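Reviewing the structure listed below.
This one's a predicted model, so the numbers in the text were calculated from it and none came from an experiment. A, B, ... follow the sequence lines: proteins, then strands. Residue 1 opens every chain.
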Amino acid sequence: MSTKKRGEILTRKCKKRDNRFLHVPVWIWLTGILLFSFLLKLLSWRLKPTVSRDGCFYIRIAQLWYDIGDFHVLYKNLGYFWFPPLPSYLMKTLMHLGLSTEIAGIILNITLGALTPLIVYGIAFEITHQKNIAVCSAFLTAVNPALCKLASNVQRDMVYLFFAGLTLWLLTTGIRRQKNKYWCGAGLTCGCAILARFEALEFLIIVPVILFLLYATKHLNLKKSLFYSIVFFLCFFGSIVALSFLMHSQNELWQNYWRYFSGKIETIEKQNYTE
Amino acid sequence: MSEKMHFLFIEIPRLLFEPIAVGTVLGCFTALWIFHKQRGLFYWSITATICIMLIWRMAFYSMMLSSRYASILIYPAIIFTVCFFFQLKRKKQRDNSQLSHLQNQIPKVYPAIPYFLVIGLAVACLIKILHYDPYESHTVKLCQTLSREIAGKNYLIYAQQGRDRIAYYSGAPINNIQLLENETNLSLYTALNQSILKNKNIWKDVYYVFYLKKGDPEPTAQYLQIDPSIGSWECVHRELTSRRKNKEIVLYRFAPAHPYVDVWEQDIPDLSPDNQCLNGDFEQALTGKLQEERISYYKKNGISSVYCNPETLLPADWWLGITKREKESQYPIMMLTAEQPIAGKYSLLLDNREYGTPGINSSQIDRSDCFFSGFVRGLKESKINISVCGFNTKEKNITYLETITFFAKAGVTYRFSIPAKNDRRPEQYSKLLCIITFEGRILVDNIEFLNNKINQ
């Protein structure tokens with residue numbers, strides 16, 4: 001089968017279908033799931049309001065950052081202990097609205113957590129093109145206990161899950177529809193995810209591997225594969241640079257992420273040596 | 001490898017929620033075994049992505065302290081589970097020969113089975129989310145008690161874990177909370193015993209926050225082998241941590257009985273006629289050649305600016321310990337001052353200038369049972385260690401016999417008093433001296449050594 005033919009399989013557009021699920025428009029389902037998700041997370045917080053051990057640490061960082069104002073001084077005050085700064089920065093920004101640190105963190109996490117069903121709907125629909133699977137996936141995401149627990153506490157995981165989920169959705173859509181804007185969006189959200197948790201660095205491996213896989217099996221030609229990877233990485237670096245300058249953390253960011261990567265490689269080597 | 005298997009088969013399913021984890025595995029299994037011909041490359045690209053994510057986490061497992069690191073897997077797990085539910089119905093539509101027995105048995109509701117499964121799973125999730133735990137706020141309640149206890153006091157807090165949370169809910173600055181270091185080969189009780197003995201002379205109440213499991217012995221003073229004479233040890237608060245009632249969080253207080261330090265608000269008494277500490281009242285300054293030699297010695301060791309002024313008064317019979325610093329501003333100050341002295345005309349001013357913990361030492365006296373006392377005033381919040389030390393004149397080394405540590409508030413005068421018995425000293429340490437180390441800015445005055453008078 002030619003590359004063009006295989007590419008067409010990927011971009012095969014759905015037949016125009018009735019945008020309903022069980023005779024109800026999908027947007028009503030999604031709105032209902034969104035509201036239900038928000039209320040459930042709010043209720044979960046009210047049932048278990050005690051901030052976790054890690055949450056107290058993030059509250060302390062956000063409060064210090066709000067009081068000090070400058071990231072370099074904060075970094076020095078924390079004994080040069082590096083932390084991905086985006087969640088604390090978002091909390092600090094909300095504090096300027098007059099909210100306390102804990103409430104700012106809770107509002108941030110509950111809001112982002114309530115939106116995750118939409119992301120799962122998007123991913124499931126792009127993969128399966130079946131509204132029943134997509135809507136049911138969104139519903140189960142809204143009631144997932146782990147996500148409720150993460151969203152109802154002051155943790156950085158929800159910020160990471162939100163942006164990483166967006167990245168997955170945009171990558172899935174980019175593969176399916178082969179439009180540059182999705183690859184660009186995936187790069188931007190990947191940058192945000194990396195500034196929330198180190199684990200998001202895996203996308204820097206996943207994207208080239210998937211593009212290579214699609215090229216090797218002739219679902220994408222070389223030109224498109226290279227172009228999409230360039231668009232992704234350019235937008236990713238642009239996002240990282242813009243956010244790090246916005247947060248004034250640009251000096252510390254590069255050396256710490258490099259240290260993270262080289263530390264992981266050493267860990268694998270040590271594990272192999274031990275075994 | 002067993003830890004990785006534990007992470008893969010126990011911790012990740014626990015994070016995902018076990019029914020969803022089972023659904024994910026079944027979804028992957030059915031996708032591979034039954035429906036692989038119906039999935040295009042796109043489907044397997046997603047599968048490859050998930051495998052990379054899983055391998056990434058398994059490879060770095062030793063760096064992962066929590067199963068939350070695998071939380072991104074929740075998204076594909078949910079989608080795989082739902083796909084599994086709907087694959088049965090879809091499979092029935094495409095191939096009537098497979099699973100037909102199920103259709104024969106439940107002909108009318110068969111198309112709705114996936115939705116029943118989704119609703120059933122959602123109900124299970126809701127039960128878990130809405131589960132109310134009356135013991136959830138155990139740390140908050142304990143910290144409220146702790147907050148009332150430490151109000152207006154000098155205190156120190158040791159926590160077995162969760163420093164940040166205790167600081168947040170009790171309002172104590174995090175620097176006032178230390179971890180109760182519990183090495184792997186030391187039990188909690190040994191760690192408590194060592195910490196209490198280390199702090200027996202400290203002039204503050206010491207609080208301990210730790211966990212006791214069901215069946216663990218109660219950490220009474222007798223069990224911890226603490227002599228009641230060194231202080232009181234009592235439980236202030238305890239809370240169960242869960243419905244299973246197999247663990248509780250406890251707050252204990254250790255109040256040292258002989259802190260050797262008191263706040264002094266009365267007039268400062270004169271030195272006793274039996275005092276053997278040379279220049280303990282700091283009224284004698286170095287003059288003439290002695291002053292020049294001392295200033296020259298300081299200059300040789302890097303200190304110049306403070307002591308170049310000829311009007312600076314250096315105390316006789318007291319020495320400043322000097323270690324090499326990077327900058328002039330890091331060297332400590334030791335001089336006599338006539339500005340609001342504690343007693344007499346002069347007091348000794350000590351300032352570490354925000355760097356290190358410098359020390360001063362007195363001249364030596366002959367060893368005997370002795371009583372050692374003096375007065376300290378904080379010019380700002382300061383930490384002071386006062387030690388009675390034995391000195392070996394042959395080998396020129398010292399041994400610490402008794403040490404007290406206390407924190408001085410700004411503007412408050414304290415009297416310290418340390419008894420030091422002769423029988424605890426090795427023979428070769430034939431002399432005694434006093435060493436004061438400090439962080440902050442303090443005044444010291446009226447230090448006296450009284451031989452053969454233990455209780456004064």
(request) Check each atom of C136(A) against the heavy atoms of chain B and say whether the ones under 4.5 Å are side chain, backbone, both or neither. (result) both

(request) Taking atom types as modelled, find out whether S37(A) and K41(A) have a side-chain donor-acceptor pair closer than 3.5 angstrom. (result) yes

(request) Sort V209(A) into side chain, backbone, both or neither according to what part of it lies under 4.5 angstrom from a heavy atom of chain B. (result) side chain

(request) Determine, for R238(B) against E248(B), whether the closest basic-nitrogen to carboxylate-oxygen distance falls under 4.0 angstrom. (result) yes

(request) Determine whether the side chains of T50(A) and S137(B) contain a donor N or O and an acceptor N or O closer than 3.5 Å. (result) no

(request) Against chain B, label N144(A) side chain, backbone, both or neither, depending on which of its atoms sit under 4.5 Å from a heavy atom there. (result) both

(message) Looking at W183(A), I'd like to know if its CH2 atom is crowded, meaning that more than 12 non-hydrogen atoms belonging to other residues, nucleotides or ligands lie closer than 6.0 Å.
(response) yes

(message) Distance check, rounded to the nearest 0.5 Å: I61(A) atom CD1 versus R156(A) atom CZ?
(response) 9.0 Å

(message) At a heavy-atom distance under 4.5 Å, which candidate from S52(A), S44(A), A134(A) has the highest pair count against chain B?
(response) S52(A)

(request) Flag the one option from I123(A), I206(A), V207(A) with the top tally of heavy-atom pairs under 4.5 Å to chain B. (result) I206(A)

(request) Select one option (side chain, backbone, both, neither) describing which atoms of I174(B) are under 4.5 Å from chain A's heavy atoms. (result) side chain

(request) Sort L43(A) into side chain, backbone, both or neither according to what part of it lies under 4.5 angstrom from a heavy atom of chain B. (result) side chain

(message) Heavy-atom cut-off 4.5 Å, strictly under: side chain, backbone, both or neither for I129(B) against chain A?
(response) both

(request) Check whether any side-chain N or O of T241(B) sits under 3.5 Å from a backbone N or O of K247(B) as a donor-acceptor pair, and report yes or no. (result) yes

(message) Does any backbone or side-chain atom of Q155(A) lie under 4.5 Å from a heavy atom of chain B? Answer side chain, backbone, both or neither.
(response) side chain

(request) Using a 4.5 Å cut-off on heavy atoms from C-beta on, say whether the side chain of F203(A) contacts that of L168(A). (result) yes

(request) Report the option among L147(A), D157(A), L40(A) that has the most heavy-atom pairs separated by less than 4.5 Å from atoms of chain B. (result) D157(A)

(request) With rounding to the nearest 0.5 Å, note down the distance linking OH in Y66(A) to CE in M91(A). (result) 13.0 Å

(request) May I ask you to name which of P49(A), C56(A), G165(A) has the most heavy-atom pairs under 4.5 Å with chain B? (result) C56(A)

